[in-house]
**Q** 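Pasting a structure below so you can have a look.
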Amino acid sequence: MKTNHTYASHVSVLEIDNSALEHNISYFKKKLQTGTKLLGVVKAYSYGHDAIEISKTLEKNDVDYLAVAYTDEGIALRNAGITLPILVLHAQVQNYELLLSYNLEPNIYSSFTLENFIAVAKVKNVKNYPIHLKFNTGLNRLGFTKNDVNPIIATLQDNSHIKIQSVFSHLAASEDANEYDFTKNQIKKFENIRKEFLNAFVHPIDFHLTNTSGIINYPEAHFNMVRLGIGMYGFGNDKNETAQLKNVGTLKTIISQIHEIKPGESLGYNRAFIADKLTKTATLPIGHADGISRELGNKKGCVYIQNIKCPILGNVCMDMIMVDVSQVACKPGDEVIIFDSQEKVNVLATNSNTISYEVITGISQRIARKKISS
Ligand SMILES: *Cc1c(COP(=O)(O)O)cnc(C)c1O
């Protein structure tokens, strides 16, 4: 993407380990039955990792499908030459023409979206254009209900403009063993919907329900495609699974300047840190506008220099943080690791009251992405 070139000289960088990504893809492929398709979820800039580079790797590794959230994310992939089919999970009706012209496939989740898409497909006079029907089985976010099944079948059975490529739903709590019964009920509801479509249509339809933790916890619910997101980037739903996966993203920066703060002196905005002893600090060119949450200020978060933990002192600024390097022999220009493992991402997430997903997707476009292995 253009932004990347703009910021290519930026010293804070997210390195993308391509071989780790390939390892994770093959780890999940081994969990699938022969013939089960793999869809790679590359929405939100591939969970912050660089959607184009990640998609190229997925294409090379025989992933069957890609999914993005919005039409513009799909267009960026097409403009980069990605040819895999792309499901747009939350396509908006006002973008349907654009979506068609870029050969992107919409999630159709309501009669409103279905009617609008049929109208556009007619005007454009497309034939058998693939669509994906989403059913709500308990998440209550997007989706048709069971009662919509018959009207949809009636509408689509003799429509030559569009064709059902897949029918899918999304689990609400696939990572949570306490919600096993709820999830089993979602699976059952989905199976019933599936049967109705199998009875009504002769052409092959893909059925898919599981995200990463669903793939891991509910192998009986893989149907004939799975949707792999966070797992590709190295995060399983528990420590044991995560230990089998490799970390893909490493967020690094450098030291800009070193200060010595005398007892009684303060550091940063609002004087949030007051030294009680002589404290050596390093100022780093990365801040809350880059995805370092303000929640991580005042020693709640830390970075690593020469493998030594350096707590963030005072408030996180927009473009900078200051860290305690009293214990580190370091100088301006030295390398600083924000995270280089899933464990460090998880610690940052816990300390800023969020989850790994938000930490990695929150890394701003100002941070350069750099592929480090082919
Ligand atoms: C984001 C998303 C996924 C991927 O979920 P992970 O937990 O990251 O694997 C799958 N399906 C849908 C509908 C999504 O929105």
Side-chain angles (χ1 to χ4, degrees), residues 21 24-25 27-29 31-32 36-49 51 54-55 58 63-71 73-74 77 85-92 104-110 113 131-144 165-177 179 183 186-187 190 193 206-219 221-238 241-242 244-245 247-249 342 345-346 349 354-363:
L21 175 67
N24 297 341
I25 295 166
Y27 176 80
F28 280 97
K29 273 190 177 173
K31 288 186 182 284
L32 307 181
T36 304
K37 293 183 187 174
L38 178 61
L39 175 150
V41 181
V42 295
K43 64 191 179 190
Y45 204 49
S46 255
Y47 292 49
H49 289 76
I54 300 278
S55 299
L58 298 188
V63 165
D64 302 280
Y65 244 91
L66 297 176
V68 294
Y70 298 108
T71 303
E73 296 179 310
L77 296 182
I86 301 174
L87 160 57
V88 183
L89 291 165
H90 203 175
Q92 307 291 311
L104 305 168
E105 304 175 10
N107 166 14
I108 299 296
Y109 54 85
S110 61
T113 54
I131 63 164
H132 303 261
L133 297 172
K134 187 172 200 182
F135 281 84
N136 174 19
T137 53
L139 182 60
N140 290 328
R141 192 172 69 174
L142 292 180
F144 288 106
Q165 177 69 30
S166 88
V167 173
F168 74 113
S169 184
H170 196 33
L171 297 173
S174 57
E175 75 284 10
D176 188 351
E179 296 293 356
T183 304
Q186 279 198 278
I187 296 169
F190 187 65
I193 292 163
D206 291 328
F207 294 89
H208 47 112
L209 179 63
T210 48
N211 65 330
T212 298
S213 42
I215 297 169
I216 295 168
N217 290 337
Y218 298 93
H222 288 179
F223 297 96
N224 54 330
M225 186 153 83
V226 298
R227 302 188 303 271
L228 179 62
I230 194 100
M232 271 193 308
Y233 311 102
F235 298 83
N237 54 344
D238 62 30
E241 285 292 333
T242 300
Q244 309 288 316
L245 299 168
N247 185 57
V248 174
Q342 300 98 314
V345 172
N346 285 330
T354 186
I355 54 174
S356 56
Y357 292 79
E358 190 176 352
V359 172
I360 59 176
T361 58
I363 301 164

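Model, not experiment: these values are computed from the prediction. Indexing begins at 1, ligand by ligand and atom by atom, following the structure's order. Note: hydrogens, waters and symmetry copies are ignored here, and every other heavy atom, side chains too, is used.
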**Q** Looking only at distances, can you tell me whether any N or O atom of Gly229, backbone or side chain, sits closer than 3.5 Å to an N or O atom of ligand 1?
**A** yes

**Q** Of the protein's non-hydrogen atoms, which lies at the shortest distance from atom 1 (C) of ligand 1, and what is that distance?
**A** Lys43 NZ, 1.4 Å

**Q** What protein heavy atom is closest to atom 12 (C) of ligand 1, reported as residue, atom name and distance in Å?
**A** His170 CE1, 3.4 Å

**Q** Among all protein heavy atoms in this structure, tell me which lies nearest to atom 5 (O) of ligand 1, with the distance rounded to 0.1 Å.
**A** Asn211 CB, 3.4 Å

**Q** Scan Thr210, Leu209, Asp64 and name whichever one has a side-chain contact (heavy atoms from CB on, under 4.5 Å) with Val226.
**A** Thr210

**Q** Within this structure, what is the OG1-CG distance for the pair Thr113 and Asn107, rounded to the nearest 0.5 Å?
**A** 7.0 Å

**Q** Give the residue and atom name of whichever protein heavy atom lies nearest to atom 9 (O) of ligand 1, and the separation in Å to one decimal.
**A** Thr212 OG1, 2.5 Å

**Q** Show which atoms of ligand 1 fall inside a sub-4.0 Å distance from at least one heavy-atom site of Lys134.
**A** 13 (C)

**Q** Is the gap between the ring centers of His208 and Phe223 under 6.0 Å?
**A** no

**Q** In the protein, what heavy atom is nearest to atom 8 (O) of ligand 1, and what distance, to one decimal place, separates them?
**A** Tyr47 OH, 2.5 Å

**Q** What atoms in ligand 1 come closer than 4.0 Å to a heavy atom of Arg227?
**A** 9 (O), 10 (C), 11 (N), 12 (C), 13 (C)

**Q** When you look at CD of Glu358, are more than 12 heavy atoms from neighbouring residues, nucleotides or ligands closer to it than 6.0 Å?
**A** no

**Q** Can you tell which of Phe144, Phe207, Tyr109, Tyr65 makes a ring-ring contact (aromatic ring centres under 6.0 Å, His included) with His132?
**A** Tyr65

**Q** Looking at Val63, Ile86, Ile54, which hits side-chain contact (heavy atoms from CB on, under 4.5 Å) with Val42?
**A** Ile54

**Q** So, taking the atom named CD1 in Ile193 and the one named OG1 in Thr137, what distance separates them when rounded to the nearest 0.5 Å?
**A** 6.5 Å

**Q** Which bit of Val41 gets closer than 4.0 Å to ligand 1, counting heavy atoms only: side chain, backbone, both or neither?
**A** side chain

**Q** Should Glu175 be listed as contacting ligand 1, given a heavy-atom distance under 4.0 Å as the test?
**A** no

**Q** At under 4.0 Å between heavy atoms, is it the side chain or the backbone of Arg141 that contacts ligand 1, or both, or neither?
**A** side chain

**Q** Let me see the working for Val41 and Asn211 under side-chain contact (heavy atoms from CB on, under 4.5 Å), right down to the final yes or no.
**A** CA-CA 9 Å; Val41 181; Asn211 65 330; over 6 Å; no

**Q** Among all protein heavy atoms, pick the one closest to atom 7 (O) of ligand 1 and tell me residue, atom and distance.
**A** Tyr357 OH, 2.6 Å

**Q** Under 4.0 angstrom from ligand 1, any heavy atom of His208?
**A** no

**Q** Step through it carefully: locate the ring centre of Phe235, locate the ring centre of Tyr357, and say whether they are under 6.0 Å apart.
**A** no

